[in-house]
Structures are given as C-alpha cells and as structure tokens.
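Sequential numbering from 1 along the given sequence is applied to the chain's residues. Treat the numbers as computed from the prediction; the structure is a model and nothing was measured.
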Amino acid sequence: MRPRLLIFLLFITFKVFAQQKPIEGIVFDSENKDRIASVNIHDITNGLAVYDNLKGEFEIKASEGDLLVFTRQDFHPDTVKVQNKGALAVYMVRLAIQLREVTVHNSILTPDQKLEATKNDYTKIYGPLAYNDFLSTPSSGGAGLSIDALWNSFSREGRNASRLRDIIQQDYQQNVIDYRFNREFVGKITGLKDQKLTSFMFRYRPGYYTTTNMNDYEYIMMIRANLRRYLRNQRVYSLPPLVSK
C-alpha cells in the first residue's frame, strides 16, 4: 500500500474516531440558575438528537463546528456551536419572566371596619367628649345632672367634637351605600357599562335607609325598576358633557 494512501486512511479513521467522542454539558435556567430537565438537544449538522436527564446533564456525539440546538417548552430556543471538546454550560431564557409566589389578602375594609378604624384614630372625640347623657345617677340614688354632658354641650371643644362625629357618621353612611351599590354589582344587574352605568348610578343612587333595610331580593327589584325608568328617559337623565374652562 502506498504511504500516501495509508496516511489518508489513518487521517479518515482518526477523524471518524474524533466525531464519535461525546460532548457533555449541563442546561441551566438563565433567570434562577436552576438546572432544566427534558431539554431536546439536536445536532443539526449530523442529525443526532438526545434529551438531557433530570439533573440537566446531557451527552451527544458531535464534532467541532457542529451546531447544537436546544429546545424546551416555555423557553426560547438556543443554538450553540461546538468550539472544542470541553463541557458545555448552556443557559436558556424563559419565554416569560417567572414571578415569585405572592399571597394576596383582601385589603378592602367594610364600612363598619372603616368606622372602627376612624374611631381608633379619633379616640378623644369618642371618649370623654362623646358623653352627652345629661341625666346621671348619683351614688346616693335619684337622678342628677351630668357635669361632663353639660361641659361637652357648651364648651367649644365639645361642640367641635360633636360636629366631627356627625361628619364621620355621614361618611360612614355613604360608605355603606357605596359598599352595596357598587359598579360591579349594579353593572351585572342592569347590563349597563361605562358612561351609561355612571349616569344610572348617579341618578338612582339609593339612600342609607333603603340600603340598610332592603333584603337582596328587594334591592335587586328596586334596581331593575329604576332601570326601566332610566331606559325610557335616557336623554333626560344623561349626565351633561364636561366643558373645560
């Protein structure tokens, strides 16, 4: 056999042997650096394809210059060119950012809870300055006049406290109405949306007594009855357009 042919055959044999040497590596999540399992590794140069294991480790026969394509659901495909026979560390990017688990608590306070919170903030006006009972019962028996009640009635501080309590009570009543007569609830019953819903709720906003004394059935029937009136007179009850000055 000619020496040149022998050298050529040895070169081909060495090249084939080199191609059969496996390439090893690990696949990571680029966001949290966790290992990713069930990743498909496809050598598009020679057509071979394998999956990594549960530890994110893989092994595939490839040669220098081959293109390895890494694919997995919920991740962007990644292409790596084999540069040498060293181990590969592949970092895949998620299609969407994975958020940390968050526990959501209902932070909407009921009107009664809001009132109690307000009372805690204004302890003074709901403490000594809230005493308005003019008749007191002395320890010796009988009835007498309460000095605290007289002071709260005639003192400037007592009158201001009384006015503030009245304002807080009015706000509480409006919160009770808003809590029950809300856009989501009224919108489901009436089918109205956006500006029409706003117009209807403005025109047919119920009072505090109605809101607190009607049961659910009566309340819904009242809203439906008002809806019929509203639909008959939409032009009359529509809100005027806002005009900038």
Side-chain angles (χ1 to χ4, degrees), residues 99-137 145-245:
L99 300 177
R100 294 181 179 179
E101 182 178 355
V102 177
T103 303
V104 180
H105 299 282
N106 185 8
S107 59
I108 300 177
L109 299 178
T110 65
D112 289 334
Q113 290 172 331
K114 289 182 180 179
L115 180 60
E116 288 302 317
T118 303
K119 287 183 178 181
N120 291 332
D121 292 336
Y122 295 91
T123 55
K124 188 175 181 180
I125 67 170
Y126 285 98
L129 294 178
Y131 187 70
N132 294 318
D133 189 2
F134 289 94
L135 295 178
S136 63
T137 304
L145 292 177
S146 169
I147 301 299
D148 291 336
L150 289 174
W151 171 258
N152 291 340
S153 297
F154 293 106
S155 70
R156 183 176 181 180
E157 188 178 10
R159 292 195 301 271
N160 289 339
S162 178
R163 284 195 289 269
L164 182 55
R165 285 195 302 273
D166 290 340
I167 294 173
I168 292 174
Q169 181 63 23
Q170 292 172 10
D171 288 342
Y172 165 73
Q173 292 180 357
Q174 294 304 314
N175 287 335
V176 170
I177 299 173
D178 291 337
Y179 190 78
R180 193 175 188 188
F181 194 72
N182 59 78
R183 291 184 67 89
E184 182 179 1
F185 176 70
V186 177
K188 287 182 178 180
I189 296 173
T190 62
L192 300 176
K193 297 180 180 179
D194 303 327
Q195 185 62 32
K196 288 186 177 182
L197 179 59
T198 302
S199 174
F200 174 83
M201 294 184 66
F202 177 81
R203 176 66 180 83
Y204 292 104
R205 180 179 175 85
Y208 174 73
Y209 179 85
T210 300
T211 301
T212 55
N213 285 275
M214 279 189 174
N215 58 37
D216 290 341
Y217 175 79
E218 294 171 336
Y219 207 66
I220 292 174
M221 294 305 295
M222 176 200 69
I223 294 175
R224 289 177 175 173
N226 289 334
L227 175 63
R228 290 192 292 270
R229 299 187 185 94
Y230 174 79
L231 294 177
R232 289 197 301 264
N233 303 279
Q234 287 191 58
R235 292 185 178 180
V236 177
Y237 294 144
S238 61
L239 293 175
L242 295 177
V243 179
S244 60
K245 294 183 179 180

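Judged as a side chain to side chain donor-acceptor pair (under 3.5 Å), and not counting sequence neighbours, the contacts of Asp112 are Tyr172. Asp178 is linked by a side chain to side chain donor-acceptor pair (under 3.5 Å) to Arg205, counting only residues two or more places apart in sequence or in another chain. Legend: residues meeting salt bridge (Lys or Arg N to Asp or Glu O under 4.0 Å) with Asp216, ordered by chain and number and at least two apart, are Arg180.
Nearest heavy atoms, Pro206 versus Thr211: CG-OG1, 3.7 Å. Across Phe200 and Phe181, no two heavy atoms sit closer than the pair CE2-CZ, 4.5 Å. The heavy-atom pair separating Met201 from Val186 by the smallest distance is CG-CG1, 4.0 Å.
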Side-chain donor-acceptor distances from residues 218-227 under 3.5 Å, at least two apart:
from, atom 1, to, atom 2, distance (Å)
Glu218, OE1, Asn215, N, 3.2
Asn226, OD1, Arg229, NH1, 2.6
Asn226, ND2, Met222, O, 3.3

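Taking the side chain as every heavy atom from C-beta outward, Tyr208 and Val176 approach each other to under 4.5 Å.
Applying the side chain to side chain donor-acceptor pair (under 3.5 Å) definition to pairs two or more places apart or across chains, those involving residues 183-192 are Arg183-Thr198.
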